[in-house]
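One structure is given below, encoded as structure tokens.
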Amino acid sequence: MQAGSPRSFRKILVANRGEIAVRVIRTCREMGIPTVAVYSDVDRAALHVRLADEAYSIGPAPADQSYLRGEAILEVAERSGAEALHPGYGFLSENAGFARACRDAGLAFIGPAPEAMALLGDKLEAKRAVARRGVPLVPGTDEPVEDEAQLRKDAARIGYPLLIKAAAGGGGKGIHAVERPEDLEAALRLAQGEAQAAFGDRRVFLERLLHHPRHVEVQLLADQHGNYVHLGERECSVQRRHQKLIEESPSPVVTADLRQRMGEAAILAAREAGYTNAGTVEFLLDEAGQFYFLEVNTRLQVEHPVTEWVTGRDLVRDQIRIAAGEELGFGQADVTWRGAAIECRITAEDPDLNFLPFTGRVQELVEPSGPGVRFDHMLYPGAEVTRYYDSLLGKLVVWAGDRAAVLRRMERALGELHVIGLKTTIPFHAWAMSHPAFRAGELHTSFIDENWQPGAGSADLSDVAAIAAAVLEFHRGARPSRNGTQEDPPSRWKLAARARIHSS
Amino acid sequence: MQAGSPRSFRKILVANRGEIAVRVIRTCREMGIPTVAVYSDVDRAALHVRLADEAYSIGPAPADQSYLRGEAILEVAERSGAEALHPGYGFLSENAGFARACRDAGLAFIGPAPEAMALLGDKLEAKRAVARRGVPLVPGTDEPVEDEAQLRKDAARIGYPLLIKAAAGGGGKGIHAVERPEDLEAALRLAQGEAQAAFGDRRVFLERLLHHPRHVEVQLLADQHGNYVHLGERECSVQRRHQKLIEESPSPVVTADLRQRMGEAAILAAREAGYTNAGTVEFLLDEAGQFYFLEVNTRLQVEHPVTEWVTGRDLVRDQIRIAAGEELGFGQADVTWRGAAIECRITAEDPDLNFLPFTGRVQELVEPSGPGVRFDHMLYPGAEVTRYYDSLLGKLVVWAGDRAAVLRRMERALGELHVIGLKTTIPFHAWAMSHPAFRAGELHTSFIDENWQPGAGSADLSDVAAIAAAVLEFHRGARPSRNGTQEDPPSRWKLAARARIHSS
Amino acid sequence: MRYLATIADRQFVVEVQAGARPGSYAVVMNGSSQMVDIEPASGDWLYSMLIDGRSFTVAATPDGVQLDGKDFAARVQRSLGPALQAPGVSSEPARLQAPIPGLVVAIHVTAGQEVLEGEPLLVVEAMKMQMDLKSPRSGKVTQIAVAAGQEVAHGQLLVVVDESK
Amino acid sequence: MRYLATIADRQFVVEVQAGARPGSYAVVMNGSSQMVDIEPASGDWLYSMLIDGRSFTVAATPDGVQLDGKDFAARVQRSLGPALQAPGVSSEPARLQAPIPGLVVAIHVTAGQEVLEGEPLLVVEAMKMQMDLKSPRSGKVTQIAVAAGQEVAHGQLLVVVDESK
């Protein structure tokens, strides 16, 4: 803590795992605040356990028996004397009930108040709220509709192509695209049936389907004294399965004027919800440069480091300061942007097999470094990647003076990063960094679907690979490996090759 | 290379090893320029060999049979088709003869012209040159003197305490301090005798001995078109054996006004010498805030990353652009500073044994990461640190919004860094970051001599250490290590402990 | 030693001979000969390889080699003769194994059913994701070794598809 | 198992008993008992250690243990009885060994000479640095095992200093 700042928390419990738990612990340590980690049985040796000041077990591997068990986590908070709780992202981070339980237990929840979280968690309610402030929405119905005649009228007004979305839906489920008016009736029946089956609520709403939209989001900070600032945008258009893989700031197409307008819209939305702490307002940006409100993420985002690089701020520090009741201490005019930053999510997935997740053990880790490189991760030699949690291993984030330089730097850093023992998205990212459309900044949410081909991440070095494979086979046969033969690489290698051939 | 920039080099030879060779290769890769590494026999597996596009052996381990053999290096340049050579620091980097040989061979030397290098390499000639431009010098004689009567007169004018320095000296050798007038005669005789014996030249000169001076240096860039900018200062006062261990930017005591005056003085000095490329002008700064010219380092400095962090520039990229004949492309008014950066040199030395160098093998490496951390190094599990080269393993460099935050961040990063198998300066740096005088910015060149005590880097956790050691002994005895027993840690451990007891 | 190296779907005959120093090899491929120097770097899995002076970082990966961060599916076998095998169509039964430990969520086929190559056979859930596992070949489902709701281990047999006759 | 752990110049008697699970131990020291859980992390040399919930990263170092990056000189021996050894003054001859491989640049003493503890005996050069090696004890130089200009290996005997009588 810096001299002169009000008393911060005496101890913080980090209610998460993986790279984000590590991330939060790092800033706590820099602020001089002791941390308490929680872990499931399979995470005993995890990095966040090692780096925290204290660590306690909260149950078996499945998340609903450990990281989602709010009462077990509150018990650890009580026992360890934690004064605040940082939820990270995922797990309980957007659970208004849990935030309320923290408050009831006298534990400061590092995030927005439960009321704002609940309001923004209901997607249609959130839309109505921000629309009251004049924030633009994707044209569509703003109420769930059951009446078919009304839906046909609404569809004609909105225009085609359009989307039918389940009112109670989420996570990309219950969404149907309709290309032409004559397909509407059949699609409606299908969607309503599905919505009833999946969510017990047959109501749907309609939204215009944008062509090749960009996903652009605005980072906000809001203190408990009514001060709001935005830290500019992140472009997160490159996605697979509606989940982001690459994020950057600034967006290649957002001008200073557009940044200001989107930032102001985001602040209006936050004000309407009474939002405090760090939050992100997501927008779609169409090819004409018009933006539309999508939703608010009421937590720290995975991709927050790109904003940290360009603005020079530590968002976790700001979150903790805000939750402790401090004023922001700076205004919109004090926010400056320098250079460009990009993040590649390194996940345990096989990009050549439709990004199928991959479990296994990290045999060796070689990290990139040098100017402008940050690698936030949960890896170490011996780390096990299990099927219980999501596939994110780490985030490679680089900064440089401009976008052209930052793409080259990312390519360089990806080349230095080796995670031996797992399939990862590294080759995909290396391909993306040198893709002409990517380099030109021509991004949209279908970029991967339209451009990525399995195998595209392997450069044309087959002849060298043949030499390498043959010499490696000879060399490894000729002399024993340095550390004995407990897991003989060549044989595991062949076994895995066979398994892959059968499963593809 | 960015679109629109003039043609850069087609291939660059990096005439160095260790972390600086790695550093240079990284930027070349980002610029799309293939690199050629050279290596001595013991460096076959070194990181710079792995990261370069090509690599060639230049001889056995001793530097005078490899990295100092200019002709062997020029031969590799010729064979590989390199168009330019980056010398790094140390080895041949300040050898004007070698720079001339490169030019004669048609190879662009990435550094100043040999003439400027030769002029500035002669310390007294350099002083006379910069004095012509009105740059302040430490009060002293500006010519080497043999005549004793003259020396006595000069000493009375300069005042006490003062230093006698061998005119032909260098590297901290042949320097004698004189506290009082009555000691002058004996010291002179000693110094002249030593100078004769060591350098074959009995001439000496006198300089006032400053009390607790700071070592503050200014980073310059100069292109071949007469454009000069400075990138502010680095404070490098924390030294052992006259070698820097910690550097930071900005200096805790340099104001914007002083920065401007020192920057202008540095540019005057560089102009007088016809200096081009990146260079550093070293000053002493006394307790009254007056600065004095010391010397010019005609190469990239070890500590250049702190300047890169705060200014947002890539100095190696600028060096290459300048050597290729490009204009700087920005002026003094475009240089902006953001936040604060600090570098800790991680060397293979035992801080508890008078910083005695330590050789051995890296058993395990755990790197720090997270916001604002850069670790430029030459390490990997299995790396051998031999006695042939200097003890620098890497540089941990961190950035944060202000000096208080950057010291806490460095402490955090030092805690995450583990180089198992070697003694390093990590515990010393952790001590320094929390030392009250260091935190207050009260730095001077005697800081280590006056404050550091062997053992000070071990916190008061003896009881925990006892538990850890006993449990480790039991645990390792109870189960075999994961990778077999080729090098059994506990026994090596005991052996080394015995060796240390006998040698201390 | 003569090797047959299969890189993705291309095959190479590579002749490797030990050189004078440990780690140095003479390699002949496609009629041209090269000096290769291999040296362990970063533990057991990563190597520095110099091929006539060109520097590569080579890693052994689960299904091949990695060169400077790019993955190559690779198989190496001792080659006794100079003839190249054609990448033939196998008539053996194809055994679909679990590519990842997980939970069998649904099975789309029944024993005896005819399926086409690429047709989804069952759904396995792991890491918060559901994945369709597809038939490795056209033929008849001769065995279904798991049931919906069952946990499966990595490599566990799921379904066998044989030639239909 | 009872151990005598010497941390720098302090001594601790530590009683360690294996717990129910692998890696869990009950430890008694200075009359208080604690639960310790140890788990390998990052290869063979680094461990995660939880002592009653407090988390430490422990590494085996060349001369002791490292806790959260701080070095502690440590020696551990089986302790048979409860009595603590006093850190006594040895009367054995002290054998000065090379702390680092290098080149012997100069020898300041001759055989038979009386020296004081801390007195420089010889100079070894390595890594561009010259270092004075000092006498580990007061006494008489009974053996000089190397000559100026000689290369020495790590741990090689340089000089023996014995009790003067």
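These figures come from a predicted structure and were not determined experimentally. In what follows, chains are A, B, ... by sequence order, proteins preceding strands, each numbered from 1.
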Do D/Q17 and B/F474 have side chains that get closer than 4.5 Å, going by heavy atoms? no
How long is the span from the OH atom in D/Y3 to the CG atom in B/L472, to the nearest 0.5 Å? 10.0 Å
In Å and rounded to the nearest 0.5 Å, what is the OG1 to CD distance from D/T57 to B/E416? 9.5 Å
Looking only at D/G102, D/P101, D/A18, the option with the highest number of non-hydrogen pairs under 4.5 Å against chain B is D/P101
Picking from B/L414, B/I426, B/L365, B/V471, which has the most non-hydrogen pairs under 4.5 angstrom with chain D? B/V471
Could you tell me which portion of B/N354 (side chain, backbone, both or neither) has an atom closer than 4.5 angstrom to a non-hydrogen atom of chain D? neither
Find the distance between CZ (B/R476) and CD1 (D/I38) and round it off to the nearest 0.5 Å. 8.0 Å
Closest non-hydrogen atom pair, D/A74 against B/A469: CB-CB, 4.2 Å
Calculate, to the nearest 0.5 Å, the distance between atoms CH2 and NE2 belonging to D/W45 and B/H418 respectively. 15.0 Å
Neighbourhood of chain B inside residues 105-112 of chain D, taking heavy atoms under 4.5 Å as contact: none
Could you tell me if the side chain of B/I420 sits less than 4.5 Å from the side chain of D/Q66, heavy atoms only? yes
Considering residues at least two apart in sequence or located in another chain, which fulfil the salt bridge (charged side-chain N to carboxylate O under 4.0 Å, His left out) criterion with B/R374? B/E308, B/D376
Bottom line for B/A430: the part with an atom under 4.5 Å from chain D's heavy atoms is side chain
Which pair of heavy atoms, one from D/G23 and one from B/H475, lies closest together, and at what distance? CA-CE1, 3.9 Å
CZ/D/F56 to CD1/B/I467 distance, rounded to the nearest 0.5 angstrom? 8.5 Å
Choice from D/V14, D/V16, D/T6 maximising heavy atom contacts with chain B below 4.5 Å: D/V16
Once you round to the nearest 0.5 Å, how far does CZ of D/F72 lie from CG of B/L461? 4.5 Å
Closest heavy-atom pair, D/I7 versus B/S462, reported as atoms and distance to 0.1 Å, is CG1-O, 3.8 Å
Answer with side chain, backbone, both or neither: which region of B/E349 has an atom nearer than 4.5 Å to a non-hydrogen atom of chain D? side chain
Apply ring-ring contact (aromatic ring centres under 6.0 Å, His included) to B/F375 and list each qualifying residue two or more places apart in sequence or on a separate chain. B/H377
Please tell me if the side chains of B/V464 and D/R54 come closer than 4.5 Å, counting only heavy atoms from C-beta onward. yes
Which bit of D/V36 is near chain B, if near means a heavy-atom gap under 4.5 Å: side chain, backbone, both or neither? side chain
Under a 4.5 Å heavy-atom cut-off, does chain B meet the side chain of D/E15, its backbone, both or neither? neither
Heavy-atom cut-off 4.5 Å, strictly under: side chain, backbone, both or neither for D/A126 against chain B? both
side-chain hydrogen bond (donor to acceptor under 3.5 Å, both in side chains) filter on B/S93, not counting sequence neighbours, yields none
